[in-house]
Chemist: 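Starting off with a structure, shown below.
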Amino acid sequence: IAGITQAPTSQILAAGRRMTLRCTQDMRHNAMYWYRQDLGLGLRLIHYSNTAGTTGKGEVPDGYSVSRANTDDFPLTLASAVPSQTSVYFCASSDKRYGYTFGSGTRLTVV
Amino acid sequence: ILNVEQSPQSLHVQEGDSTNFTCSFPSSNFYALHWYRWETAKSPEALFVMTLNGDEKKKGRISATLNTKEGYSYLYIKGSQPEDSATYLCARDSGAGSYQLTFGKGTKLSVIP
């Protein structure tokens, strides 16, 4: 692993199903984030974690939950997916001096 | 300005031309301004993190300036090349201890060979 790994790369999900997007980093960054990217809206923050054991809500948290049991992992869960959650999801981690490092994204389609 | 705004939304330039675009942001509660380069089908990559008024950073043909008092930053590309084609994002860090960034919607640059 080098940097941030997201899985899956893409997924088609039936509405109402539960889904967890995985994110793992190997840089020992304290802060991690989940963003969604939608056409015309740019990157919007869903949830963040400043350090292991803590999480916080971003701009668009409804319908999503996160956990941060350790420094490396920051999974994002959709408890009951809806079509409006169709998006590209990016996980990122932060070293404040050098900016964010982003994962390669998960393209999620809810049908 | 309440949000991070970028202009223009998109532009096309000829190979070899120099270009620049603007990021405007709230000047209050400012900690840092980030620039990212985002190529199609890839993930954003950090270009610069700037914190001080008057900061100027350079990486190859790309440079950026920062004015925290009036709330703007410019990104310059000298002698554009086709490989510079990408969306350039700026983001404001208000500090507040949370490391959170507020992103602009980006400027999409297309360099025509």
Side-chain angles (χ1 to χ4, degrees), chain A residues 2-7 9-10 21 23 25 27-52 54-61 66 68 71 74 87-107, chain B residues 1-10 21 23-26 30-52 55 57-59 62 64 66 73 75 86-108:
Chain A
I4 292 188
T5 301
Q6 288 186 237
T9 303
S10 65
L21 309 185
C23 175
Q25 55 121 346
M27 298 169 287
R28 308 303 293 173
H29 288 169
N30 282 325
M32 296 187 74
Y33 315 86
W34 275 104
Y35 284 86
R36 59 178 288 173
Q37 181 217 357
D38 302 292
L39 194 63
L41 297 176
L43 288 168
R44 293 183 293 166
L45 182 66
I46 304 170
H47 284 286
Y48 66 92
S49 169
N50 287 339
T51 189
T54 69
T55 63
K57 294 181 179 181
E59 181 184 354
V60 288
V66 291
R68 188 87 184 277
T71 297
F74 191 42
S87 187
V88 181
Y89 291 85
F90 286 94
C91 179
S93 70
S94 174
D95 175 328
K96 248 185 160 174
R97 296 168 297 168
Y98 303 115
Y100 281 20
T101 299
F102 284 86
S104 56
T106 294
R107 182 175 296 275
Chain B
I1 294 177
L2 298 178
N3 297 312
V4 178
E5 297 173 0
Q6 293 187 245
S7 63
Q9 186 174 351
S10 65
F21 13 97
C23 173
S24 302
F25 53 87
F30 174 86
Y31 182 83
L33 193 284
H34 295 219
W35 280 100
Y36 292 83
R37 169 192 163 87
W38 194 356
E39 291 182 70
T40 302
K42 295 187 178 181
S43 52
E45 293 183 353
L47 286 172
F48 306 116
V49 178
M50 297 187 288
T51 56
L52 299 176
D55 249 358
K57 302 258 182 173
K58 186 174 182 181
K59 184 182 289 187
I62 303 176
L66 177 67
S73 175
L75 189 80
T87 296
Y88 292 84
L89 298 174
C90 71
R92 172 179 169 269
D93 180 351
S94 62
S98 66
Y99 306 165
Q100 291 179 49
L101 296 183
T102 301
F103 283 87
K105 295 179 182 179
T107 292
K108 185 173 183 179

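Below, all heavy atoms of this structure are taken into account, side chains as well, without hydrogens, waters or symmetry copies. All chains are named by letter (A, B, ...) in the order of the sequence lines, taking the proteins before the strands, and each is independently numbered beginning at 1.
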Chemist: Within a reach of under 6.0 Å around CD of B:Glu39, are more than 12 heavy atoms found that belong to other residues, nucleotides or ligands?
Modeler: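 More than 12 within 6.0 Å, yes.
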Chemist: Using a cut-off of 6.0 Å, state whether more than 12 heavy atoms not belonging to A:Gln37 lie near its atom CD.
Modeler: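 Correct, the count exceeds 12.
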Chemist: Side chain, backbone, both or neither: which part of A:Leu45 has a heavy atom under 4.5 Å from chain B?
Modeler: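 When you check distances to chain B, only side chain atoms of A:Leu45 fall under 4.5 Å.
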Chemist: Pick one of side chain, backbone, both or neither for B:Tyr36, based on which atoms fall under 4.5 Å of a heavy atom in chain A.
Modeler: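 Side chain only.
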Chemist: Measure from the ring center of B:Phe103 to the ring center of B:Trp38 and say whether it is less than 6.0 Å.
Modeler: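 No; B:Trp38 has its ring centre 6.0 Å or more from that of B:Phe103.
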Chemist: Determine, stepwise, if the pair B:Leu75 / B:Cys23 fulfils side chain to side chain contact (heavy atoms under 4.5 Å, CB included).
Modeler: CA-CA 8 Å; B:Leu75 189 80; B:Cys23 173; over 6 Å; no
Chemist: Non-hydrogen atoms of chain A under 4.5 Å away: do they reach the side chain of B:Leu89, the backbone, both or neither?
Modeler: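 Interface part for B:Leu89: side chain.
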